[in-house]
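All residue numbers refer to positions in the sequence shown, counting from 1. Below, each value reflects all heavy atoms present in this structure, side chains not excepted, and no hydrogens, waters or symmetry copies. Note that ligands are numbered from 1 as they come in the structure, with each ligand's atoms numbered from 1 the same way.
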Amino acid sequence: MIPINAPQIGEEEITAVIEVLRSGVLTHSLGEGPMVKKFEDAFAKFVEAKYAFAVNNGTAALHMAILAVGIEPGDEVIIPSFTFVATAEAVVLAGGRPVFVDIDPATYNISPCEIEKAITPKTKAIVAVDLYGTPADLKHIREIAEKYGLKVIEDAAQAHGAVYRSKPVGYYADVTCWSFYASKNMTTGEGGMVTTNDPDIAEKLKLIRSHGEKEKYLSVMLGHNYRMSELQAAIGYVQLTKLPSFLFKRRVNAEKLTERLHEVNQLQLPLEAEDCRNSWYLYTIRVKNANRDKRDLLLHNLKLRGIGAEVYYATPIHWMPYYRRFGEFHLPETERASAQVLSLPVHPGVNLEQVNYIADTLIEILNQLKL
Ligand SMILES: *Cc1c(COP(=O)(O)O)cnc(C)c1O
């Protein structure tokens, strides 16, 4: 089976972890160990941010960002429903109410027009997700945020290395959140990062990461233990040096798929805007005339042929049992996409022969199923 994603770990990561183990410094009581700092500095430079805070996962990164921009119980936060559940979870953990809005069917990212319609006097922030590694329309979202005095958080968990309007993603947001989960473009097993250019937000992030402590045993605000260990940071630092080569391989695979599939009329292929670069975390196609059952049948047949295609996300968050309590949302584009999309493997472990096999097999099954 060609898996949808696979961590790319080499001897360099293994050596780096062993060195940390031998050093005896496994973590730091305020989350500021030497490896963590080295990783944060390198990551901040890579995404052109002033401040970076390493944390223990991407969900913690989002929760910290939500708290750091000042979301309090009763506040509304506008988010897409077509994303991983952590985006909504972070809002609810802070006592906020997630207000789900629809996507742009061409990019699958949150629609700026729909954002503006959902704003109320209780709205405090917008979370935009760079889904599949395709940058969201942050400049437009930033303009709306300024008009209404809202904060902007970017969930870039899938977008390491993505470029929006010639800048690394995150440039137009107040805070940007990253994940280093094992499936992502770079990994630390579990891990995350929060980046910002705002010194006040940076100060809060640092406090929230470790029990609200400025100094040990002197908490000045409510916090958590969201620290990253030195072991994870050592892996992350090496992975970051390899990220450009990972991104290059993903791009080669994605461009090959586009070349092989662009004449297949039944499919909508992923977009890459003129002055943007996708990170190609997932290569997501839409089977334009399929319903949910037909799409699932296609998925099943691909798997039978050894292709680990997956659906992100078959259940929009507003349909999940827990999240129904936040209201009844009618999101036709989100619901339609959730029934028609399908992601294909393009990770750095996939070679061109496999990409051609994926394209050939997909075309063959589409014809067989008369899709
Ligand atoms: C992976 C992911 C997260 C959560 O990251 P974890 O490190 O798994 O906690 C959040 N949002 C999106 C869009 C993701 O893909």
**Asked** Short list, please: which atoms of ligand 1 are under 4.0 Å from a heavy atom of G191?
**Response** 7 (O)
**Asked** ligand 1 versus L131, non-hydrogen atoms closer than 4.0 Å: side chain, backbone, both, neither?
**Response** neither
**Request:** Taking atom CD of E263 as the centre, report whether more than 12 heavy atoms of other residues, nucleotides or ligands fall under 6.0 Å from it.
**Result:** no
**Prompt:** Which protein heavy atom lies closest to atom 11 (N) of ligand 1, and at what distance to 0.1 Å?
**Reply:** D155 OD2, 2.8 Å
**Prompt:** Hey, which atoms in ligand 1 end up nearer than 4.0 Å to a heavy atom of L62?
**Reply:** 10 (C)
**Polar contact flag, side-chain donor to acceptor under 3.5 angstrom, Y132-S279** = no
**Asked** S183: heavy atom below 4.0 Å from ligand 1, yes or no?
**Response** no
**Request:** Show which atoms of ligand 1 fall inside a sub-4.0 Å distance from at least one heavy-atom site of A157.
**Result:** 2 (C), 3 (C), 10 (C), 11 (N), 12 (C), 14 (C), 15 (O)
**Asked** L331 and S81: which non-hydrogen atoms are nearest, and at how many Å?
**Response** CD1-CB, 3.6 Å
**Message:** Can you name the atoms of ligand 1, numbered from 1 with element, that are less than 4.0 Å from a heavy atom of G58?
**Reply:** 5 (O), 6 (P), 7 (O), 9 (O)
**Prompt:** Does a sphere of radius 6.0 Å around CD in E353 hold more than 12 heavy atoms from other residues, nucleotides or ligands, not counting ones at 6.0 Å or beyond?
**Reply:** no
**Request:** For residues R142 and A173, report the shortest heavy-atom separation together with the two atoms involved.
**Result:** NH1-C, 3.8 Å
**Message:** Would you call the rings of Y322 and F326 parallel, tilted or perpendicular, taking 30° and 60° as the class edges?
**Reply:** perpendicular
**Item:** Nearest neighbour in protein (non-hydrogen) for atom 14 (C) of ligand 1
**Value:** K184 NZ, 3.0 Å
**Per-residue contact class, N57 against ligand 1 - non-hydrogen pairs under 4.0 Å** = both
**Prompt:** Of all the non-hydrogen atoms in the protein, which one sits nearest to atom 9 (O) of ligand 1, and at what distance?
**Reply:** T59 OG1, 2.5 Å
**Prompt:** Is it the case that E116 and Y148 place a side-chain donor and acceptor less than 3.5 Å from each other?
**Reply:** yes
**Prompt:** Taking the six-membered ring for Trp, are the ring centroids of H211 and Y217 within less than 6.0 Å of each other?
**Reply:** no
**Prompt:** Strictly under 6.0 Å, is that where the ring centroids of Y164 and Y171 end up?
**Reply:** no
**Shortest protein contact, atom 5 (O) of ligand 1 (heavy atom only)** = S179 OG, 3.3 Å
**Asked** At under 4.0 Å between heavy atoms, which part of E190 makes contact with ligand 1: side chain, backbone, both or neither?
**Response** neither
**Asked** Can you list the ligand 1 atoms lying under 4.0 Å from a non-hydrogen atom of T83?
**Response** 13 (C)
**Item:** Check: F43 ring centroid to W178 ring centroid under 6.0 Å
**Value:** yes
**Geometric N/O contact V129 with ligand 1, under 3.5 angstrom** = no
**Prompt:** With only distance considered, is Q158 within less than 3.5 Å of ligand 1 through an N or O on each side?
**Reply:** yes
